[in-house]
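Notes to accompany the following structure.
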Amino acid sequence: MSTSTEHRTHSDFPAEFRGAVLRPGDDEYDAARALYQGRAADEGPALIARCADEEDVAAVLRYASAQGIPVAVRGGGHGSDGYAMPGGALVIDLSGMRAITVDPETRVVRAEPGVKLGEMDAAAQRHGLAVPAGTVSSTGVAGLTLGGGVGFLMRRHGATVDNLLACDVITVDGRKVRADETENTELFWALRGGGGNFGVVTSLEYRAHPVGPDVVAGQLIFPIDQAADVLGKLSAHLATAPRELGLLVAIADAPPLPMLPKRVHGKPALILVVVYTGEPATADEVVEPLAALGRPLADLVTKTTWVQANSMLDAVAPYGMRMNLRGGYLPTLSDDAVDVLLEHVATVPAKPGDIYSINISFMGGAISEDVDEDATAFSREGAAWLWEAICKWDAPECDAQYDEWATTLTEAMRPHTLTNGYANLTDDLGEEWRRGVHGSEAKHRRLRSIKATWDPHNLLRFNKNIAPETTD
Ligand SMILES: Cc1cc2nc3c(=O)[nH]c(=O)nc-3n(C[C@H](O)[C@H](O)[C@H](O)COP(=O)(O)OP(=O)(O)OC[C@H]3O[C@@H](n4cnc5c(N)ncnc54)[C@H](O)[C@@H]3O)c2cc1C
């Protein structure tokens with residue numbers, strides 16, 4: 001978004017391109033450039049190449065490479081930085097490539113990069129399966145996977161990258177390669193957490209797991225004045241939690257539900273979002289003690305389906321509002337960190353119609369214990385919790401106020417936050433942050449070296465950028 005490139009008309013755009021070529025003024029241009037991040041609409045790209053297939057992707061990359069033009073890539077359009085549609089840029093739009101296949105015998109799911117999480121869940125659940133991924137249906141599988149992928153199944157089955165078996169990739173010079181545990185292994189390592197830095201991924205293959213269809217899920221809503229006490233008891237309580245428990249804590253305005261007293265509607269509340277994918281008959285043993293950590297205003301946890309459970313947050317995730325997103329890993333959920341988060345809830349500049357939420361996701365289990373830190377570019381070392389603050393508003397004149405609030409919160413959380421992190425669930429925080437987000441200095445150097453092999457001229461630079469290693 002902030003990174004703009006030279007405006008050009010691309011009058012020499014390759015004639016063999018079969019998909020839609022959209023320029024400013026074309027009928028479908030405005031709809032095509034709309035992203036989840038509403039601020040991206042302030043500026044438009046020079047050309048959106050909506051690819052029909054991987055040959056189209058290769059044609060654009062050959063053209064860009066030959067002329068040294070940087071390229072942006074749009075998967076599902078959820079990236080909070082809006083890097084998918086930078087002002088004046090050439091964009092490879094993958095949103096039309098939406099094939100998905102599920103092999104119930106091998107439990108392998110193959111998705112093209114325009115597939116969204118809700119579509120993948122629906123396709124896999126037809127066979128009683130699920131791929132561990134994120135919590136909002138409209139998120140794209142591609143960007144989510146390339147960054148790491150966390151959600152309600154991460155404690156049971158790991159991050160999305162831990163379940164990635166292979167990718168087809170079009171290189172910046174237009175060749176098709178496969179990356180998996182035996183072919184192009186360094187590239188495969190980098191694709192599992194290093195983002196869209198190394199090539200354009202045209203297919204992703206995942207290991208799916210039996211999940212549901214019945215699960216127990218919903219929300220436990222506590223008054224905000226119980227938040228410090230409940231959160232203070234939570235870590236110790238969860239020390240023996242089963243891996244089948246997915247838990248996201250949200251501090252957000254209470255919804256206007258009839259079972260909640262009117263006085264709390266639209267006022268901050270503590271919401272435990274619970275998804276238990278174990279045997280439904282055993283759910284009470286897990287959920288009741290969580291409710292007993294305080295005196296909930298409402299217990300909305302009930303038997304439901306995996307598809308419904310994994311889309312319950314859609315209601316608070318409307319497309320197209322202006323937004324910012326900050327976050328990081330916590331080694332512990334200390335009282336001091338909780339105090340900082342609660343203090344900032346009191347100062348969030350939200351106006352009617354705006355949406356904010358401070359989320360704290362419970363990690364541990366498979367994502368933390370079953371995979372070595374150096375096995376993937378995605379880092380998880382030392383992370384017990386993941387905090388994120390997301391704000392959404394419509395009025396451009398509120399940008400500065402929200403950004404200031406998010407920066408103040410980030411600074412106040414810095415002493416509690418690890419230097420490694422999850423790149424997808426925060427805005428790009430600059431070079432120093434990018435150097436640390438994947439973990440050790442050695443991992444960063446390895447990523448830079450792989451970048452130098454696959455994208456030496458940094459054509460794929462509209463992203464949380466890893467600069468190619470230089471030889472001088
Ligand atoms: C409301 C909301 C909820 C979210 N919930 C979760 C969650 O539960 N769990 C989680 O892990 N994350 C979550 N995220 C973060 C999400 O993983 C990232 O925003 C991710 O980048 C989205 O991918 P996308 O394809 O939709 O986005 P895009 O904006 O299309 O892509 C983001 C970036 O990924 C790269 N990219 C995308 N596709 C390709 C490709 N095929 N080849 C090469 N590079 C590519 C590009 O650099 C692009 O700029 C959430 C985000 C939002 C806004």
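When a ligand or atom number is given, it counts from 1 through the structure's own listing order.
His157 and His209 have their aromatic ring centers within a separation under 6.0 angstrom. Between Tyr422 and Phe378, the distance from one ring center to the other falls under 6.0 angstrom. Aromatic pair Trp385/Tyr329: centroids not less than 6.0 angstrom apart.
Close contacts between ligand 1 and Val136 involve ligand atoms 3 (C) [criterion: under 4.0 Å to a heavy atom]. Of all the atoms in ligand 1, the ones that sit under 4.0 Å from a non-hydrogen atom of Phe462 are 47 (O), 49 (O). The Tyr83 neighbourhood of ligand 1 comprises atoms 49 (O), with distances under 4.0 Å to a heavy atom of that residue. Heavy-atom contacts of Gly199 reach the following atoms of ligand 1: 42 (N), 43 (C) (cutoff under 4.0 Å). Close approach to Pro113 involves these atoms of ligand 1, each under 4.0 Å from a residue heavy atom: 41 (N). Counting atoms of ligand 1 from 1 in the listed order, those under 4.0 Å from a heavy atom of Ala84 are 29 (O), 49 (O). Residue contact check: Gly134 has heavy atoms under 4.0 Å from atoms 7 (C), 8 (O), 9 (N) of ligand 1. Counting atoms of ligand 1 from 1 in the listed order, those under 4.0 Å from a heavy atom of Leu94 are 40 (C), 41 (N).
In terms of protein heavy-atom proximity, atom 35 (C) of ligand 1 is nearest to Gly196 CA, 4.1 Å. Nearest protein heavy-atom contact of atom 5 (N) of ligand 1 is Thr135 OG1, 4.0 Å. Given atom 38 (N) of ligand 1, the protein heavy atom at minimum distance is Ala142 CB, 3.4 Å. When only non-hydrogen protein atoms are considered, atom 26 (O) of ligand 1 lies nearest to Gly140 N, 2.8 Å. What sits closest to atom 27 (O) of ligand 1 on the protein, heavy atoms only, is His78 N, 3.0 Å. If you check which protein heavy atom lies closest to atom 28 (P) of ligand 1, you get Gly77 N, 3.4 Å. Nearest protein heavy-atom contact of atom 14 (N) of ligand 1 is Leu425 CD2, 3.5 Å.
With no hydrogens or angles considered, a side-chain donor-acceptor pair links Asp314 and Ser137 at under 3.5 Å.
When the heavy atoms of Leu144, Val115, Thr145 are ranked by distance to atom 12 (N) of ligand 1, first place goes to Leu144. Distances from atom 49 (O) of ligand 1 to the heavy atoms of Val73, Thr160, Val71 show the closest one on Val73. Between Gly143, Ala317, Gly149, it is Gly143 that holds the heavy atom closest to atom 20 (C) of ligand 1. Checking Asn359, Asn463, Asp81, Asn424 against atom 17 (O) of ligand 1, the nearest heavy atom belongs to Asn424.
Crowding of Glu432 atom CD: a count of heavy atoms from other residues, nucleotides or ligands under 6.0 Å not exceeding 12.
Within the 4.0 Å heavy-atom shell around ligand 1 one finds Tyr422. Not a single heavy atom of Ala159 sits closer than 4.0 Å to an atom of ligand 1.
A salt bridge is absent between Arg62 and Asp173; no separation between the charged side-chain nitrogens and carboxylate oxygens falls under 4.0 Å. For the pair Glu244 and Arg155, the salt-bridge criterion is not met [side-chain N within less than 4.0 Å of a carboxylate O]. Between Asp370 and Arg243 there is a salt bridge, with a side-chain nitrogen of the basic residue lying less than 4.0 Å from a carboxylate oxygen of the acidic one. Under 4.0 Å is where a charged nitrogen must lie from a carboxylate oxygen, and between Arg326 and Asp427 at least one such pair does.
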For Arg110 and Tyr206: C-alpha separation, side-chain torsions, deciding distance, then whether side-chain contact (heavy atoms from CB on, under 4.5 Å) applies. CA-CA 6 Å; Arg110 185 176 184 278; Tyr206 303 96; over 6 Å; no
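No side-chain heavy atom of Leu341 sits under 4.5 Å from any side-chain heavy atom of Val338.
Here the rule is side chain to side chain contact (heavy atoms under 4.5 Å, CB included) with Gln37, and of Met321, Met323, His78 only Met323 fits it.
A distance of 9.5 Å separates CD of Gln219 from CG of Leu248, quoted to the nearest 0.5 Å.
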